[in-house]
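To keep things clear, I will list the structure first and then write my remarks on it.
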Amino acid sequence: MRMSRLLLRTLRDAPSDAEAISHQLLVRAGYIRRAASGIYTFLPLGWQVLRNVERVVREEMDAAGAQEMLMPILQPEELWAQTGRLTTMDDILFRLEGSGGKFVLAPTHEELVTATVAGEVDSYRDLPRNVYQIQFKYRDEARPRFGLLRGREFIMKDAYSFDASQEGMRASYQLMYDAYCRIFDRLGLTYTPVEADAGAIGGDVNHEFMVPSSIGEDHFARCTKGDYAANVEAAETGGREPADTPAEPLDEHHTPGRPGIDLVVDFFSDRGLTAGAMLKCLALADADGNAVVVLVPGDREVRVPHGLRPFEDDDFDRHPELVKGYIGPMGLRESGVRVLGDHAVRAGGPWVTGANKADHHVSGATLGRDFTVAEWGSFATVADGDPCPRCGAPIELVQSVEAGHTFQLGLTYSSKIPNATFTDEEGVQHPYWMGCYGIGVSRAPAVIAEEHHDEAGLIWPVEIAPYQVHLLALGASRNAEVGAAADTLYDDLSAAGASVLYDDRDVAPGVKFADADLLGMPTQLIVGGKGLARGIVERKDRRSGERDELPLSDAVAAVAATPGSRCPEEPGLY
RNA sequence: CGGGGAGUAGCGCAGCGGUAGCGCACCUGCUUUGGGGGCAGGAGGUCGAGGGUUCAAAUCCCUCCUCCCCGACCA
């Protein structure tokens, strides 16, 4: 591509609405432009990057046995009502009405793909199957941010596997997991697969593929010694030794109108009370309505165990021993309340906590003397320094971006979508065992740029770069030999299969150098009068900054031998 | 949705009661030619929108819209 024809304008200053470095560089270098908050145009260079991401994803998905197809974005509301997500995802759904009824813009495709496969697959003989799509998806995010990172319109690759058994589903899952590792390797990302919480999509085992980044919206916990890694929502901590705490009498204090950690800390501010010295007691109910109280240090959040739900007002009515806002652990066992304690509670105390009496708290609450715990576990969110559940070494929290997510869905969707079943060898019908596997395709260029840049601009990994080689002709308008040599080099490189961005513009050398570094192609080839007089062209490696000289006659062969990106044969379809 | 900030030329910004400015970018000419060079000339604006105050509003007041940051939320 000749730059004299390319739709491209580079900016010296980043727009003031760009905060993240990746966002600033992608805009400055002319890859993307904002159309509205969270909605972006991919200009020619940005589109090329996106196509390269898609190419890598396609190649690895196809190699793993998944089959690409295309599903509509515009979907009838009824489809979403079947699984209940019309209401559960209401806050992010874009809705519209047409002559055919009410529609939503699909935020994801579990419903439709399940319904589609349900119409095609009825026998165990037809399983397993794995289909995927690369598509725009729409979510009315309350707060789009960081350019491409979190948009309201974005492109995702979603694959869906269908199996006749749980074992089959797990095998399909493993294939996808391995494919994901290859994909993120090729995208040049430093990633960590972490055990994750299933969230609203439902299902069982799942992993997030996290890329450490300062613009990450998530954190994962990582063992500083071993290989344990988990999303903070799912991370567990190891057991702890009981603390050697000073003896303190159990005293009751009148704390009128102060339900809640912050209010009590404020009340006792003259005594230097911190949230971490308080015992947070959260009332939960099990499926039968029985009370369960979870104890965590006051500076931690409770991870509500599966199968339990937070108390509601009528739960408190049925359990007068638990006083809303003033719950304490004392005497709960005697009242028949199951008490769960986070490991960190064993290592702390004496505690300030509720007195089980309106408008009263206690201090000096001591484990073993004043209250007991029926079951220890990981019931609190993890923090830096918590012990690893496997080896006890300190855990660290790592800010990161979710680049991909794989789920074992099980029967979550197939049990709700009509006819999403197959007949087994005995003639019995069962719902499909499903998995789903997402990659944030349009987010990827931002994540990659975040990891691969320097002060001068972008540095694309070879597979992702819009062009493999950036050819600079210096002063061609005043030196016909330079122009002729660069033209020839451009033609020969192109003929040799390299993808070349050719800076044939009539601008000063400094502008070309600055733009080349900003745009970030892996290799720069520089044709100038001085070098040409000696029969050489200069080659610069963008990442290392190293330069060497190539005889003009060897340049094509040398560059063509470099592993690099190539233009996809066909454009993507949207 | 709560808190904070900002909307003036393509981008970055100044001006904050007296009728529109600067840098970069853009156009013309000259000059320069290995790291966003110099000189001269030029074009480009419903000052986010609507209403109000005033002799006079980019500037003061009200309403709305948009955008960004922090938080809440987030398959």
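Using Watson-Crick or G-U wobble geometry with both donor-acceptor distances under 3.5 Å, B:rU46 finds no partner in any strand shown. The pairing partner recorded for B:rG35 is none, the criterion being a Watson-Crick or G-U wobble arrangement whose two distances lie under 3.5 angstrom. Applying the Watson-Crick and G-U wobble criteria (two distances, each under 3.5 Å), B:rU59 pairs with nothing in any strand. Using the Watson-Crick or G-U wobble rule with both distances under 3.5 Å, B:rA6 pairs with B:rU66. When both distances must be under 3.5 Å, the Watson-Crick or G-U wobble mate of B:rC22 is B:rG12. The pairing partner recorded for B:rA40 is B:rU28, the criterion being a Watson-Crick or G-U wobble arrangement whose two distances lie under 3.5 angstrom. The nucleotide B:rC73 finds no pairing partner, because no Watson-Crick or G-U wobble arrangement with both distances shorter than 3.5 Å includes it.
The separation of B:rU54 from B:rC73, taken at their C1' atoms, amounts to 47 Å, rounded to a whole angstrom. Taking atom C1' in both B:rG45 and B:rU28, the straight-line distance is 22 Å, to the nearest Å. Distance noted for atom P between B:rG21 and B:rG4: 36 Å (whole Å). B:rG71 sits 30 Å from B:rC11 when the C1' atoms are compared, rounded to a whole Å. Taking atom C1' in both B:rU8 and B:rU53, the straight-line distance is 22 Å, to the nearest Å. B:rU46 and B:rU19 are spaced 14 Å apart, taking the C1' atom of each and rounding to whole Å. Between B:rA6 and B:rC62, the two P atoms lie 15 Å apart (nearest whole Å). Straight-line distance between the P atoms of B:rG17 and B:rG7: roughly 16 Å, to the nearest whole Å.
Distances were taken from every side-chain heavy atom of A:Lys540 (C-beta onward) to each of B:rC11, B:rG35, B:rA25; the shortest belongs to B:rG35. In this structure, of B:rG34, B:rC70, B:rG23, it is B:rG34 that holds the atom nearest to the side chain of A:Leu474. Listed nucleotides: B:rG35, B:rC67, B:rG71. Nearest to the side chain of A:Arg152: B:rC67. Checking B:rA72, B:rG34, B:rG12 against every side-chain atom of A:Pro509, the shortest atom distance belongs to B:rG34. For A:Arg145, the side-chain atoms get nearest to B:rC73 when compared with the rest of B:rC67, B:rC73, B:rG35. Nearest nucleotide to the side chain of A:Arg547, out of B:rG10, B:rG34, B:rC69: B:rG34. In the set B:rG36, B:rG34, B:rC70, the nucleotide with an atom closest to the side chain of A:Phe146 is B:rC70. You'll find that the side chain of A:Val511 is closest to B:rG36, out of B:rC68, B:rG36, B:rA72.
Straight-line distance from the CG atom of A:Leu26 to the P atom of B:rC11: 17 Å, rounded to whole Å. Computed from coordinates, the A:Gln24 CD to B:rC68 C1' distance equals 12 Å when rounded to whole Å. If you take CG of A:Asn206 and P of B:rC74, they are 15 Å apart, rounded to a whole angstrom. Whole-Å rounding puts the A:Arg534 CZ to B:rG34 P distance at 15 Å. Counting to the nearest Å, the C1' atom of B:rU31 and the CG atom of A:Asp506 are 14 Å from each other. If you take NE2 of A:His405 and P of B:rC74, they are 14 Å apart, rounded to a whole angstrom. Here B:rC70 presents its P atom at 4 Å from CZ of A:Arg143, a figure rounded to the nearest Å. Nucleotide B:rG34 holds its P atom 13 Å from the CD atom of A:Glu538, rounded to whole Å.
Without hydrogens or angle criteria, A:Lys512 side chain to A:Arg505 main chain gives a donor-acceptor distance under 3.5 Å.
Between A:His207 and A:Tyr173, the ring planes lie tilted relative to each other; the angle falls in the 30° to 60° range. In this structure, A:Phe136 and A:Tyr138 have tilted ring planes: the angle between them lies in the 30° to 60° band.
Counted by atom type alone, A:Thr83 and A:Glu111 present one or more donor-acceptor pairs between their side chains at under 3.5 Å. Donor-acceptor pairing under 3.5 Å is lacking for the side chains of A:His109 and A:Tyr160. Using modelled atom types and a 3.5 Å distance limit, the side chains of A:Asp487 and A:Tyr502 yield a donor-acceptor pair.
Taking 4.0 angstrom as the limit, A:Ser37 places none of its side-chain polar atoms (N or O) nearer than this to OP1 or OP2 of B:rU66. For A:Ser16, no side-chain nitrogen or oxygen approaches OP1 or OP2 of B:rC68 to under 4.0 Å.
The side-chain heavy atoms of A:Met69 and A:Val113, taken from C-beta on, include a pair separated by under 4.5 Å.
Contact annotation for A:Pro15: backbone-only contact, meaning every heavy-atom pair under 4.0 Å involves sugar-phosphate atoms and none involves a base. Note on A:Gly475: nothing from the nucleic acid sits closer than 4.0 angstrom, heavy atoms only. Within the nucleic acid shown, A:Arg150 comes within 4.0 Å of at least one base atom, counting heavy atoms only. Here A:Ala14 lies in heavy-atom contact (under 4.0 Å) with sugar-phosphate atoms only. Using a 4.0 Å heavy-atom distance criterion, A:Glu141 is classed as making no nucleic acid contact. Among the heavy atoms of the strands lying under 4.0 Å from A:Asp515 is at least one base atom, whether or not backbone atoms are also near.
Aromatic rings of A:Phe209 and A:Tyr177 (six-membered ring for Trp) have centroids within the 6.0 Å cut-off, being under it.
Taking the nucleotide of RNA chain B with the nearest heavy atom to each of A:Pro144 and A:Phe513, the more 5' of the two is matched to A:Phe513. Nearest-nucleotide positions on RNA chain B for A:Ala36 and A:Phe154 put A:Ala36 closer to the 5' end.
Contact annotation: side chain of A:Arg28 to base of B:rG36, donor-acceptor pair present below 3.5 Å.
More than 12 non-hydrogen atoms from other residues, nucleotides or ligands lie less than 6.0 angstrom from CD of A:Gln174.
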